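Numbers here are sequence positions counted from 1. Remember, it's a predicted structure, so these values are computed and weren't measured experimentally.
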Amino acid sequence: MRTAAVVGTGLIGTSAALALSARGITVHLEDADPDAARTAAALGAGTVEPAGQAVDLAVIAVPPALVGRVLADCQRRGLARCYTDVASVKSGPRADIAALGLDTTRYIGSHPMAGREVSGPLAGRADLFEGRPWVLTPTADTDTDTLNAALELVALCGAVPVVMDAAAHDRAVALVSHTPQLLSSLVAARLEHAEETAVRLSGQGVRDVTRIAASDPGMWVDILSANAGAVADILEEIAGDLGATVAALRSLEAADEHKRAEGAEGITEVMRRGNAGQARIPGKHGAPPTRYTTVVVVIGDQPGELARLFGDAGLAGVNIEDVSIEHSTGQQAGMVQLSVAPSAATGLVTALRERGWSVRD
């Protein structure tokens, strides 16, 4: 691939353009909002100058409901030899494309499983897709050149290709992406009118659960409108679980010992199911889940402290598998949670304490 076009310079489109431009691909940028395209160009994502001839691949980065219409315009203009879209839902756009009678041999649906809770070209990052799954949904019509062009796009963006049927993809993202977004928003909504003293107690747990609740509502209406039925089905199942959990909690308040035991059993069961589901989430680099030991270190909120901590861990010969930071309320300090192999935890604790770090037991 030597040339590409990106139509739609929001978060995903700009990030793809940045990744391609960084690898020497000439990228032509288009957007219904010329200012967005110019902003992406100013960030180094490409040029707003029109392509003089058909580019190798056009990436259509618009909401699902617009994919068919935009693809029709691009094919009419002869913008590219091959086309893909990066919408987060695949069945709806495919049906629209078929209804419009477009050339499906030179088109393949795709969806990079990456994103942020912020949107627009300024949120774009060249490394957004590094190591992330990128779903491709070819059909019997998709020709080899089109599939190869999409695979090259995925490789240039540093992602991992995953081939799926469009309907299976939509059911999957309803479960692992769209429903979690709504649940995050529902939990965060409870904070809107909560007492300030309660909100100030927020710890890392509620921050983790509500991080994606900062997402753009308009963007998510577009996404959910294209996958509403699948998401609603999952939420109905969750509603049943919530009803049973509420009943179990009420039982825990009962005076009757038998009722309290039933309530405890109900809560234990939902927590057990949660344990089992969480254990199925892939681990580092997509490998099977691995259990790590967490070493908690108190760290001051001043420049260089985190780098010094990582440096001391490196001197101890310990690889940090994962890290999270919980900031203390009202204090210029925080707790860094270092995930390490269980066999390395004791040695790391000893080494850090010898270097003056406060390590929590």
Side-chain angles (χ1 to χ4, degrees), residues 1 4 6 8-23 25 27 40 43-45 57 59-64 67 84-90 93 108-138 147-166 168-181 184 208 211-216 219-220 222-223 226-227 277-290 320-324 339:
M1 186 187 307
V6 172
T9 51
L11 167 65
I12 300 299
T14 299
S15 295
L18 287 167
L20 293 174
S21 293
R23 286 156 180 79
I25 309 300
V27 181
L43 295 171
L57 177 68
V59 180
I60 298 172
V62 299
V67 169
T84 188
D85 79 281
V86 290
S88 60
V89 178
K90 307 291 12 134
I108 181 171
S110 79
H111 177 209
M113 297 298 295
R116 301 178 66 192
E117 65 274 16
V118 288
S119 57
L122 291 173
R125 288 172 33 178
D127 64 350
L128 184 68
F129 312 111
E130 291 283 347
R132 304 303 300 272
W134 191 312
V135 177
L136 301 175
T137 57
L147 176 58
N148 287 339
L151 287 168
E152 186 174 2
L153 167 68
V154 174
L156 288 167
C157 290
V160 180
V162 178
V163 176
M164 293 182 71
D165 172 74
H169 163 273
D170 291 354
R171 292 192 298 270
V173 295
L175 177 64
V176 303
S177 176
H178 301 168
T179 298
Q181 172 64 51
S184 176
D208 289 344
R211 178 184 62 81
I212 58 175
S215 299
D216 175 34
M219 177 188 73
W220 273 98
D222 288 335
I223 293 171
N227 207 26
Q278 195 276 338
R280 295 192 64 195
I281 298 173
K284 188 175 179 181
H285 307 313
T290 303
I320 305 300
E321 304 290 347
D322 202 356
V323 61
S324 64
S339 297

Least distance between heavy atoms, [X] atom then [Y] atom:
X      : Y      : answer
Ala213 : Ser184 : N-OG, 3.3 Å
Ile12  : Ala114 : CD1-O, 3.5 Å
Ala19  : Ala126 : CB-O, 3.5 Å
Gln181 : Ile212 : NE2-O, 3.0 Å
Pro138 : Met164 : CD-O, 4.4 Å
Gly13  : Ala61  : CA-CB, 3.6 Å

Test log, rule side chain to side chain contact (heavy atoms under 4.5 Å, CB included), inputs Leu11 and Leu128: CA-CA 9 Å; Leu11 167 65; Leu128 184 68; 4.1 Å; yes

Aromatic plane relationship, His111 with His169 - under 30° parallel, 30 to 60° tilted, over 60° perpendicular: perpendicular

Do side-chain atoms of [X] reach the backbone of [Y] as a donor and acceptor pair under 3.5 angstrom?
X      : Y      : answer
Ser15  : Arg125 : yes
Ser339 : Glu321 : no
Thr137 : Gly109 : yes
Arg23  : Leu156 : yes
Ser110 : Leu136 : no

Evaluation steps, side chain to side chain contact (heavy atoms under 4.5 Å, CB included), between Trp134 and Val86: CA-CA 9 Å; Trp134 191 312; Val86 290; 3.8 Å; yes

Charged N-O contact under 4.0 Å between Asp165 and Lys90: no

Rounded at 0.5 Å granularity, tell me how far [atom1] in [X] sits from [atom2] in [Y].
X      : Y      : atom1 : atom2 : answer
Asp208 : Ser324 : CG    : OG    : 7.0 Å
Met1   : Leu57  : CE    : CG    : 4.5 Å
Leu43  : Leu122 : CG    : CG    : 6.0 Å
Asp222 : Asn227 : CG    : CG    : 13.0 Å
Cys157 : Leu18  : SG    : CG    : 10.0 Å
Arg211 : Arg116 : CZ    : CZ    : 9.5 Å

Trace of the side chain to side chain contact (heavy atoms under 4.5 Å, CB included) decision for Val154 with Val160: CA-CA 7 Å; Val154 174; Val160 180; 5.9 Å; no

Validation row: Val62, Asp85 side chains within 4.5 angstrom (heavy atoms): no

Derivation of the side chain to side chain contact (heavy atoms under 4.5 Å, CB included) call for Thr14 and Val6: CA-CA 8 Å; Thr14 299; Val6 172; over 6 Å; no

